[in-house]
Amino acid sequence: MANTPTLTLNDGNSIPQLGYGVFKVPPADTERAVSEALEVGYRHIDTAAIYGNEEGVGAAIAASGIARDDLFITTKLWNDRHHDEEPHAAVRESLEKLGLEKVDLYLVHWPTPAKDDYVHAWEKMVELRAAGLTRSIGVSNHLVPHLERIVAATGVVPAVNQIELHPAYQQREITDWAAANDVKIESWGPLGQGKYDLFEAAPVAEAAAAHGKTPAQAVLRWHLQKGFIVFPKSVRRERLVENLDVFDFELTADEIAAIDAMDPGDGSGRVSAHPDEVN
Ligand code: NAD
């Protein structure tokens, strides 16, 4: 991915700003889809234990012949494995499935606040990094109180927080906290998971038309220019190519501002689960 920019995380490691996410890619289809993604130039793959497709990701990596150092692989600790020494067992299982000695980024998938074990999970993540099982550690779906609590307990600031983020749901409280604390934001559902008329919205359609790009490309460009990391999902080769072809144009400040204004500001743009509801 020669022209994909990298960002530097707060631990000094670098991450390609655009990758390929494999949520809901069926296990039987994952090796093919990830192989195609690697063929067309992706070098950053975002999976999770709960997606059930780490073996397919691993098979594609093994078949690709791409040097390990040229790949950035993220996986995630599932919610039922925060307690005791379970995070150690879970990461080893993921590494086995992925065929890797270490991942580049390991995330606590959800804070599961009703169980109140996310501080323990974060303490274990710090151990996993020290043990060399992952190069960087971060969290996902953590709200500001969760972030403040894990940092207060450990003194370790996550490298990233991966959250639902797209034009109708921009989560400014979290992005402001992240900017102030040198935490990179990863936008999941960057295209709104196809659940609302994002591509027909005037700010998106007009920006796309002005640059001769598709609406999906305009939205991805908005994420990139906001400094967010993205990994849109598709199983169609032409869309994999399209989603990677976003480095030859730049949205203007006005175009960015118009997309910024798409969030109604009351949380109603959310398309998936709220972190307080996932336990
Ligand atoms: P997304 O916003 O990437 O939407 C994916 C859908 O958009 C696809 O199913 C496809 O129909 C459509 N699409 C993709 N490219 C397109 C294009 N060029 N033109 C038109 N339509 C296009 O949603 P997502 O898959 O949920 O999010 C991306 C990744 O984020 C996931 O694959 C996963 O890795 C991650 N994720 C993480 C969490 C979490 O809790 N941490 C939750 C959901 C997703």
Side-chain angles (χ1 to χ4, degrees), residues 15-27 29-30 33-34 36-37 40 42 44-54 56-57 72-79 94 98 103-112 118 121 138-143 146 158 160-171 174 184-201 204-205 208 213-224 228-246 269-279:
I15 182 169
Q17 199 182 353
L18 191 147
Y20 176 45
V22 295
F23 178 46
K24 292 198 171 158
V25 177
D29 204 21
T30 303
V34 174
E36 286 196 346
V40 304
Y42 290 83
H44 168 182
I45 309 292
D46 183 272
T47 184
I50 196 66
Y51 300 169
N53 56 21
E54 288 169 312
V57 173
F72 190 100
I73 310 297
T74 298
T75 194
K76 312 184 190 90
L77 175 71
W78 188 238
N79 302 345
S94 286
L98 289 163
V103 283
D104 297 284
L105 179 60
Y106 197 47
L107 305 180
V108 178
H109 205 144
W110 293 87
T112 64
Y118 60 89
V139 295
S140 178
N141 299 303
H142 279 47
L143 307 177
H146 307 137
V160 311
N161 188 17
Q162 181 179 127
I163 55 173
E164 180 184 334
L165 199 158
H166 42 82
Y169 191 57
Q170 298 181 31
Q171 303 238 51
I174 300 177
K184 293 286 184 271
I185 291 291
E186 297 191 325
S187 305
W188 68 252
L191 303 174
Q193 298 186 323
K195 290 180 179 166
Y196 65 101
D197 290 339
L198 174 59
F199 297 156
E200 289 77 39
V204 170
K213 289 288 187 174
T214 67
Q217 289 172 322
V219 173
L220 293 172
R221 191 68 219 170
W222 173 83
H223 286 278
L224 295 169
F228 306 143
I229 296 158
V230 273
F231 21 80
K233 174 247 172 184
S234 176
V235 289
R236 290 165 49 173
R237 189 182 182 101
E238 67 275 15
R239 284 185 172 169
L240 289 171
V241 171
E242 175 184 333
N243 294 344
L244 192 58
D245 182 20
V246 291
R270 180 165 59 82
V271 300
S272 192
H274 188 278
D276 283 338
E277 295 163 0
V278 177
N279 282 288

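Atoms within a ligand are numbered from 1 in the order they appear, just like the ligands themselves.
When hydrogens are left out, the protein atom nearest atom 26 (O) of ligand 1 is Gln193 NE2, 2.7 Å; that is the closest non-hydrogen contact. Nearest protein neighbour of atom 43 (C) of ligand 1, counting heavy atoms only, is Trp188 CE3, 3.2 Å. Here the protein heavy atom with the shortest distance to atom 11 (O) of ligand 1 is Arg239 NH1, 3.8 Å. Nearest protein heavy-atom neighbour of atom 2 (O) of ligand 1: Leu191 N, 2.7 Å. Nearest protein neighbour of atom 18 (N) of ligand 1, counting heavy atoms only, is Asn243 OD1, 2.8 Å. If you check which protein heavy atom lies closest to atom 27 (O) of ligand 1, you get Gly189 N, 3.0 Å. What sits closest to atom 31 (C) of ligand 1 on the protein, heavy atoms only, is Phe23 CB, 3.4 Å.
The ligand atoms of ligand 1 that sit less than 4.0 angstrom from a heavy atom of Asn141 are 39 (C), 40 (O), 41 (N). Taking a cut-off of under 4.0 Å to the non-hydrogen atoms of Pro232, the atoms of ligand 1 that pass are 3 (O). Of all atoms in ligand 1, listed by their number and element, those nearer than 4.0 Å to a heavy atom of Glu242 are 17 (C), 18 (N), 19 (N). Of all atoms in ligand 1, listed by their number and element, those nearer than 4.0 Å to a heavy atom of Ala216 are 17 (C), 18 (N), 19 (N). Listed by number with element, the atoms of ligand 1 under 4.0 angstrom from any heavy atom of Gly21 are 32 (O), 34 (O). Ligand-side atoms of ligand 1 in range of Asp46: 33 (C), 34 (O), 35 (C), range being under 4.0 angstrom from any heavy atom. Set against the non-hydrogen atoms of Gln162, the atoms of ligand 1 under 4.0 Å away are 35 (C), 36 (N), 37 (C), 38 (C), 39 (C), 41 (N). Residue contact check: His109 has heavy atoms under 4.0 Å from atoms 39 (C), 40 (O), 41 (N) of ligand 1.
Remark: the backbone N or O of Asn279 is not paired with any side-chain donor or acceptor of Asn79 at under 3.5 angstrom. Between the side chain of Glu164 and the main chain of Arg270, no donor-acceptor pair closer than 3.5 Å is present. For Asn243 (side chain) and Arg239 (main-chain N/O), a donor-acceptor pair under 3.5 Å exists by modelled atom type. Without hydrogens or angle criteria, His44 side chain to Pro16 main chain gives a donor-acceptor distance under 3.5 Å. Panel note: side chain His142, backbone Ser140; a donor-acceptor pair is recorded below 3.5 Å.
Looking at Val22 against ligand 1, only its backbone comes within 4.0 Å, counting heavy atoms. Contact annotation: for Tyr51 versus ligand 1, heavy atoms closer than 4.0 Å belong to the side chain alone.
The pair Lys76-Asp46 meets the salt-bridge criterion, with a side-chain N (NZ, NE, NH1 or NH2) lying under 4.0 Å from an Asp/Glu carboxylate O.
Contact detail for Ser187 and Phe228: the closest heavy-atom pair is OG-CB, 3.4 Å. Between Trp188 and Ser272 the shortest heavy-atom distance is CH2-CB, 3.4 Å. Across all their heavy atoms, Leu77 and Ala121 have their closest contact at CD2-CB, 4.4 Å. Tyr42 and Leu240 get closest at one heavy-atom pair: OH-O, 2.5 Å.
Within the 4.0 Å heavy-atom cutoff, Trp110 counts among the residues contacting ligand 1.
Between Phe199 and ligand 1, not a single N/O pair is under 3.5 Å apart. Remark: ligand 1 and Lys233 share an N or O pair separated by less than 3.5 Å (distance only, no angle test). Geometrically, ligand 1 and Phe231 share no nitrogen or oxygen pair separated by less than 3.5 Å. Looking at ligand 1, you won't find any N or O of Gly194 less than 3.5 Å from one of its N or O atoms.
Side chains of Thr47 and Glu54: a donor-acceptor N/O pair is absent below 3.5 angstrom, by distance only.
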(request) Please report the C-alpha distance between His223 and Ile185 in whole Å, then the side-chain angles of each, then the deciding distance to 0.1 Å, and finally whether the side chain to side chain contact (heavy atoms under 4.5 Å, CB included) criterion is met. (result) CA-CA 10 Å; His223 286 278; Ile185 291 291; over 6 Å; no
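The aromatic rings of Tyr196 and His166 sit tilted, their planes meeting at an angle between 30° and 60°.
Among Ala273, Pro215, Ser272, Pro190, the residue whose heavy atom sits closest to atom 1 (P) of ligand 1 is Pro190.
The number of heavy-atom neighbours closer than 6.0 Å to NZ of Lys195, taken from other residues, nucleotides and ligands shown, is above 12.
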